[in-house]
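See structure below.
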There are 2 protein chains.
Amino acid sequence: MNELPFTYQAFLSGAEISLERICADLVDQHRDKIQIKKEKLAARNMFRIVSAVISLSQKKGFQGMSLRDLSEETGMSMGALYNYFGSKEELFEMIYSQGRVFVFEVLRSHASDDNPDVRLREAICAHLYLSEALSRVFSFFFMEARNLSLPNQKNVINLEQMTESFFEDILQEGKQKGSFSIESPEMIAAAIKALLQNWYLKKYRFSRRKLTVENYARFVIGFVSSNLR
Amino acid sequence: MNELPFTYQAFLSGAEISLERICADLVDQHRDKIQIKKEKLAARNMFRIVSAVISLSQKKGFQGMSLRDLSEETGMSMGALYNYFGSKEELFEMIYSQGRVFVFEVLRSHASDDNPDVRLREAICAHLYLSEALSRVFSFFFMEARNLSLPNQKNVINLEQMTESFFEDILQEGKQKGSFSIESPEMIAAAIKALLQNWYLKKYRFSRRKLTVENYARFVIGFVSSNLR
DNA sequence: GTCTATATAACGATAGAC
DNA sequence: GTCTATCGTTATATAGAC
């Protein structure tokens, strides 16, 4: 049995991993565009909005979700909604960019060991645990990434490319230090990313098998490790 | 270097693998709903329509694609389009159900060797080659599956489960025959499917690296094989 | 009374449909 | 081309807190 660098519980205890947290940051970051003065109220309602967006997008896609759907789901009026964003497109960009910042920060803070071998396992665990806690958010990002507008795509790097580069860097360093005996770090990185995405995209399958995220982490680490030596 | 059971060229020579073929079948299968009498003309225009649907859906999603977009992309008038389908939703169902039939038939006709070890490689190759030839179709199916009405969604799940079960059965048999030394065939099957999906979902990444489908097939077979013994 | 947040209702544009 | 429904959006009225 593979040893995990940290448990799911320890991961959750370390920092606040929640959509509420992301929404609070979002309100803080977009203070100028949000016309609600009271910060606590703004954060609370933004959470209702973002939750509804993710839920509705799961059913019919972001484009297929109307603002009237959003109004009904949140219990807020159309007019009230527009105090929290300038346009439907801007709402998407806000959610995406804030989520991306959050994911990157969490990944970076958990996978920091000097040893590439350890750091790789840390990164796999951190990503799996994070996507477990925020599975709906991750699925939303994956499925709706194409809604990013082109001018912003220069500033907002695709979340997926960021993730893959993160793993590729670890593998590259491990290769140079002699920890890993691999041909192509980018191919292994792509494979790891596919296995990680599989967890949150097909979560309903795994939960039906009563498979915990920790056991899946052990499986992925084992599966990948067989190809590093 | 791993040996592949058959080349991409050999696979393509075996049967007509194309969107044109699927569209011809589609016209044939939905003869009652399509108001165009001349079969060749109907098949040709249906191909233009389906190509445009897939192309536009890739950019903005099926919901985000308007019929005016479709009219412009195909060069056909709105009125003309409605000779080929009864509604936007029906158009989607037609494409999806016909594609599903085609994919299943092609997959089933390959991967029939008695040796589990050989059959596993056959199945991986067949799936990868098929998704290479029809990558836009596969991506469309994956991304737009949620647009299916509820009665049909059960068929989608069954197809997904069938694909995964197909690999699971091979692994299970190989385990019993002693060819594979594995704990959980279903976990390996899930991992294989994730790696296969990765090919057509992120094709643009791989083609930028000048990676051929055969080389990716070798990579997947090698990556998986490391975990079978 | 003043400020903030929410609700109402209607605009022009565009959707699917024929 | 034309229909009606609905889209995103916004001007304006209303309600509530201090």
Side-chain angles (χ1 to χ4, degrees), chain A residues 23-24 26-28 30-57 59-96 144 146-149 151-152, chain B residues 30 32-37 42 45-46 48-50 52-57 59-96 144 146-149:
Chain A
C23 290
L26 194 157
V27 167
D28 200 54
H30 297 79
R31 215 70 208 78
D32 49 330
K33 291 180 180 175
I34 297 169
Q35 296 164 34
I36 304 298
K37 305 293 178 190
K38 300 173 186 172
E39 195 135 353
K40 264 192 75 174
L41 175 69
R44 182 153 35 89
N45 281 338
M46 186 59 84
F47 172 65
R48 288 164 68 192
I49 293 170
V50 175
S51 282
V53 165
I54 291 173
S55 179
L56 289 166
S57 295
K59 292 170 196 157
K60 37 172 115 177
F62 184 76
Q63 298 257 13
M65 174 200 78
S66 75
L67 291 186
R68 280 166 186 82
D69 292 336
L70 189 58
S71 170
E72 193 180 356
E73 184 86 5
T74 56
M76 298 167 74
S77 69
M78 302 274 296
L81 288 178
Y82 270 88
N83 285 317
Y84 292 86
F85 51 82
S87 70
K88 191 187 178 189
E89 188 183 347
E90 188 192 286
L91 171 61
F92 181 81
E93 309 278 352
M94 286 197 310
I95 298 174
Y96 198 97
E144 308 294 344
R146 62 178 158 210
N147 291 319
L148 280 173
S149 62
N152 273 6
Chain B
H30 296 80
D32 50 328
K33 291 179 180 174
I34 297 169
Q35 296 162 34
I36 305 298
K37 303 297 177 191
N45 280 338
M46 186 58 84
R48 287 164 70 191
I49 293 170
V50 174
V53 165
I54 292 174
S55 178
L56 290 166
S57 294
K59 292 169 196 158
K60 38 172 113 178
F62 184 76
Q63 298 258 13
M65 174 201 77
S66 74
L67 291 186
R68 281 168 185 79
D69 291 336
L70 189 58
S71 169
E72 192 180 358
E73 184 85 5
T74 57
M76 298 166 73
S77 71
M78 298 278 292
L81 288 178
Y82 271 89
N83 287 318
Y84 293 86
F85 51 83
S87 71
K88 192 186 178 188
E89 189 183 346
E90 188 191 287
L91 170 61
F92 181 81
E93 308 277 353
M94 286 197 313
I95 297 173
Y96 205 102
E144 307 294 345
R146 63 180 159 210
N147 291 318
L148 280 172
S149 54

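These numbers come from the heavy atoms of this one structure, side chains and all, not from hydrogens, waters or symmetry mates. Protein chains get the first letters and strands the later ones, always in sequence-line order, with residue 1 at the start of each. The model shown is predicted, which means the values in this text are computed figures rather than measured ones.
Note: NZ (B:Lys88) to P (C:dT14) measures 16 Å, nearest angstrom. Between A:Leu70 atom CG and D:dT6 atom P the separation is 18 Å, expressed in whole Å. As a whole-Å value, the separation of A:Leu56 CG from D:dG8 C1' is 16 Å. Straight-line distance from the OH atom of A:Tyr82 to the P atom of D:dC7: 12 Å, rounded to whole Å. Computed from coordinates, the A:Glu90 CD to D:dT10 C1' distance equals 15 Å when rounded to whole Å. Between A:Ile34 atom CD1 and C:dT6 atom P the separation is 12 Å, expressed in whole Å. Summarising the geometry, the separation between CZ on A:Arg68 and C1' on D:dG8 is reported as 7 Å, rounded to the nearest angstrom. Atom CG in A:Leu41 sits roughly 10 Å away from atom C1' in C:dT4 (whole-Å rounding).
A search for salt bridge (charged side-chain N to carboxylate O under 4.0 Å, His left out) contacts involving A:Glu39 returns A:Arg31, not counting sequence neighbours.
Comparing C:dT8, D:dG8, C:dA15 against the side chain of A:Ser77 picks out C:dT8 as the nearest. Closest approach to the B:Met78 side chain among D:dG1, C:dT6, D:dG8 is made by D:dG1 (side chain taken as heavy atoms from C-beta onward). For A:Asn45, taking side-chain heavy atoms from C-beta onward, the closest of the listed nucleotides D:dT10, C:dA5, C:dT6 is C:dT6.
Looking at heavy atoms from C-beta onward, A:Leu81 lies out of side-chain contact with A:Leu91 at the 4.5 angstrom threshold.
For A:Arg146 and B:Glu144, the salt-bridge test passes: some basic side-chain N is under 4.0 Å from an acidic carboxylate O.
No contact: A:Asp69 has no heavy atom under 4.0 Å from any strand. A:Gly64 comes within 4.0 angstrom of nothing in the nucleic acid, heavy atoms only. Residue contacts shown for A:Phe85 are absent, as no nucleic acid heavy atom lies under 4.0 Å away.
Residue A:Met78 comes nearest to A:Leu67 through the heavy atom pair SD-O, 3.6 Å, listed as atom of the first residue, atom of the second, then distance. When all heavy atoms of B:Leu148 and B:Glu93 are compared, the closest pair comes out as CD2-OE1, 3.3 Å. Residues B:Met46 and B:Tyr84 approach most closely at CE-O, 3.5 Å, considering heavy atoms.
Across the interface with DNA chain D, nearest-nucleotide mapping of A:Glu89 and B:Gly79 shows B:Gly79 to be the residue nearer the 5′ end. Both A:Gly75 and B:Ser66 lie near DNA chain C, and the one whose nearest nucleotide falls closer to the 5' end is A:Gly75.
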Quick tally for nucleotides 12-18 of chain D: nucleotides whose base has a protein heavy atom under 4.0 Å get B, sugar-phosphate-only ones S, the rest -, giving -------
Test side chain to side chain contact (heavy atoms under 4.5 Å, CB included) applied to A:Phe62 and A:Lys88, step by step: CA-CA 9 Å; A:Phe62 184 76; A:Lys88 191 187 178 189; 3.8 Å; yes
